[in-house]
Amino acid sequence: MKDAVSRNPRDIVRLLTEIVGKDNVLYEQYDLIPYSRDRCPFLTHPKHGVIPLAVVRPATTEEVQEIVVLANKHHIPLTPRGSGTNYAGSAVPSKGGVVVDLTRMNRILAIDEESMSAKVQPGLILQDFEEALSKRGFTFGHDPGSFPSATVGGCISTWSVGWRAGKYGDMGRLVLSLKVVLPTGIVIETRSVPKSSTGFDVKSLFIGAEGAMGMITEAVLRIHPSPEKRVILVYGFKDFEQAFKSLLKVLRAGLCPMMQLVTNKEGMEGLVEKSRANGFVMISYEGVKEVVDAQAKRTASILEAEGGMKISDEVAEQYWADRHDMFSKMNLVGAAGSIDTAVPVSKVLEFYKFLEDWAKRRGVKIFDIASWVLPENLGMDSAFDESEVKAYIAARDEALRKALELGGTTSYCVGVGTRFPHLMREEHGPALDVLRAIKRTLDPNNIMNPGWLSP
Ligand SMILES: Cc1cc2nc3c(=O)[nH]c(=O)nc-3n(C[C@H](O)[C@H](O)[C@H](O)COP(=O)(O)OP(=O)(O)OC[C@H]3O[C@@H](n4cnc5c(N)ncnc54)[C@H](O)[C@@H]3O)c2cc1C
C-alpha cells in the first residue's frame, strides 16, 4: 500500500538524510548499481539486478531504529546488507525500496576474556575479528570461504558454515545473544547465556532468517583459545565411495575432527594430478598439542587400514592455504553455480551417484562434489555460461528435488534468497505456513526482505 512518501524517491532520500546525514545516503544510479545484486551467479550482470531507490548507511542502533520506523510507516521495503557476498540473491533488493548497508557498524565493542565472548557490531568482517582476537590469544573459529569479506550480520542471517565448524560449530552455535531492531521498530536484546528455559529461543528467529525478521545491530559471540597446534591429513582412495566410508569409520571411532572433507578427483585438481586416487579424505584437528597428536595418530591408522594412500603434507597445507580462493577461481571461468544440499548420511552415496549421472546427462561441468564439515552435507560446485542460465536452473532444480526426495534439504548454508523460493513448499510442507505466520507477526507490513520464501 503505497503512500505519497513511498511513491516519491526524493522524499525518502530527504527523510533518510535527516537520520544519517547526506554523506550516508546514496541515490545516484552509479552508486546504486553495486547494491542491485550480490554474488548470486544469475545476478552478476547489472541487467539482472534490482536497483534500489536508495542506500542508507547507519552507524548506530538508534539510527537503524529510526530508518525502520520510517520504512514501516510508509511501507518501504528494506533490505539489510553486509558485504553482499551471499550467492543466493538474499541481499538483492528484489522488491526495490531501500538497502540498509550495515558495514559502518563494524566495531568490536568488548572482548570478555573471562567469559570467552565478544560483543560486536554486525558489519564487522570476519577476518578483522579473527585478527583482533588472535593478538589476544583467541580465535572465533568461523571460517567460511568468504572469510576475508563476509560480515558477522550476514553470516548470522544466512546461518553460515565454515571450514572449522567441526570443532567450533556453525555460525548459529557461536551466537550467545543478539540485539535486533524488529520490523516495527521495537528493539529487543536477548540474554548472553548459552540457554534458558524461559520460553522459545528468541534469538534463533533471526539466525538464518536472511534479514526478513529484523535488523541485527549487535551480537555477543563465543570465542575460543587459539589452538596450540593444527594437523591436516589427506588420504587418497580408489573412489569417492571408499573415501566416504573411511571417513565414517573415523567418526564411528568417536573422533571429532575440526574439519572434514571428502571430495572427488576434480575437487583436488591442480594439487594431486599424478595420484591414482579418485576420492580423497581430508581431516584436520586443532587444539591442545597432545590431544591433536593422539587424534591424528588414531585417524591415520584407521584411514591406512581402509586402504588410504597418504598424500603429502605440502598438498594438505596448500589446500588449506587456498581454501578462501576456490569459489573466486570458479567465477573466472563463467558463472559459478553451487548447490549446498544435505541428505541423511545413509543416503549420501546414493545422492553422490545421482549427481554424477545427472551432470553427464545434463551436460553440467562439475568442479567438485564434496561432503564437507558434516557427513550429511553433500554439495557441488559447477560452472556454466551466462547464456545457459535457464538450462542450468532447470537442471539444478532436478538435483535439489532429488535431495528432498532422499529426506534432505536444498540448502545447509547460504540461504534461499531469490534462488529457489519456488521449492520451499516442497521442502517445508505445512511448516512453510509456520515460517510465514511468524514473519507476518513480526513484520505485519512485510517491509523487510519482503520476497523471503515467496516465489
Ligand atoms: C567466495 C565465497 C565463498 C563463500 N563461502 C561460504 C561458506 O563457506 N559458507 C557459507 O555459509 N557461505 C559462504 N558463502 C556465502 C556468503 O559469504 C555468506 O552467505 C555470508 O554469510 C554472507 O555475508 P555478507 O556479509 O556478505 O552478507 P550479505 O551477502 O550482505 O547478506 C546476506 C543476507 O544477510 C542479510 N543481512 C546482512 N546483514 C544483516 C543484519 N545485520 N541483520 C539482518 N540481516 C542481515 C541480508 O539481507 C541477506 O539476506 C561464500 C560466498 C562467496 C562469495
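Order of listing sets the numbers, starting from 1, for every ligand and every atom in it. Positions are given from 1 along the sequence.
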Can you find a non-hydrogen atom of [X] under 4.0 Å from ligand 1?
{"X": "G214", "answer": "yes"}
{"X": "G84", "answer": "yes"}
{"X": "D38", "answer": "no"}
{"X": "W372", "answer": "yes"}

Polar-atom distance check: [X] versus ligand 1, any N or O pair below 3.5 Å?
{"X": "T158", "value": "yes"}
{"X": "Y87", "value": "no"}
{"X": "L102", "value": "no"}
{"X": "S83", "value": "yes"}
{"X": "A150", "value": "no"}
{"X": "G82", "value": "yes"}
{"X": "G162", "value": "no"}
{"X": "P80", "value": "yes"}

Exercise. Looking only at non-hydrogen atoms, find the nearest pair between A91 and N86 and report the distance.
Key: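 The pair with the smallest heavy-atom distance is N-OD1, 4.5 Å.
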If only side-chain N and O atoms count, and only distance matters, is there a donor-acceptor pair under 3.5 Å linking [Y] with [X]?
{"X": "Y352", "Y": "S371", "value": "no"}
{"X": "D38", "Y": "Y87", "value": "no"}
{"X": "E189", "Y": "S177", "value": "no"}
{"X": "T139", "Y": "E130", "value": "yes"}
{"X": "D143", "Y": "H324", "value": "yes"}
{"X": "H422", "Y": "D397", "value": "yes"}

Self-check item: Note: K229-E286 ion pair, threshold 4.0 Å (strictly below)
Solution: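 A salt bridge is absent here (no side-chain N lies under 4.0 Å from a carboxylate O).
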Quiz item: Would you call K402-E405 a salt bridge at under 4.0 Å N-O?
Solution: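 E405 and K402: salt-bridged.
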Give the single entry among [options] that approaches [atom] most closely by any heavy atom.
{"atom": "atom 48 (C) of ligand 1", "options": "S90, G208, P144, S411", "result": "S90"}
{"atom": "atom 52 (C) of ligand 1", "options": "V416, V99, T85", "result": "T85"}
{"atom": "atom 38 (N) of ligand 1", "options": "A91, G89, G153", "result": "G153"}
{"atom": "atom 4 (C) of ligand 1", "options": "C413, S157, S146, G211", "result": "S146"}

List every atom of ligand 1 that sits less than 4.0 Å from any heavy atom of [X], numbering the atoms from 1 in the order shown and giving each element.
{"X": "E210", "answer": "47 (O), 49 (O)"}
{"X": "V414", "answer": "12 (N)"}
{"X": "N449", "answer": "47 (O), 49 (O)"}

At a non-hydrogen distance cut-off of under 4.0 Å, which region of [X] contacts ligand 1 (side chain, backbone, both, or neither)?
{"X": "P122", "answer": "side chain"}
{"X": "D340", "answer": "neither"}
{"X": "T151", "answer": "both"}

For the backbone of [Y] and the side chain of [X], can you confirm whether one donor and one acceptor N or O come within less than 3.5 Å of each other?
{"X": "T341", "Y": "L378", "value": "yes"}
{"X": "S157", "Y": "G154", "value": "no"}
{"X": "R362", "Y": "A359", "value": "no"}
{"X": "K439", "Y": "A212", "value": "yes"}

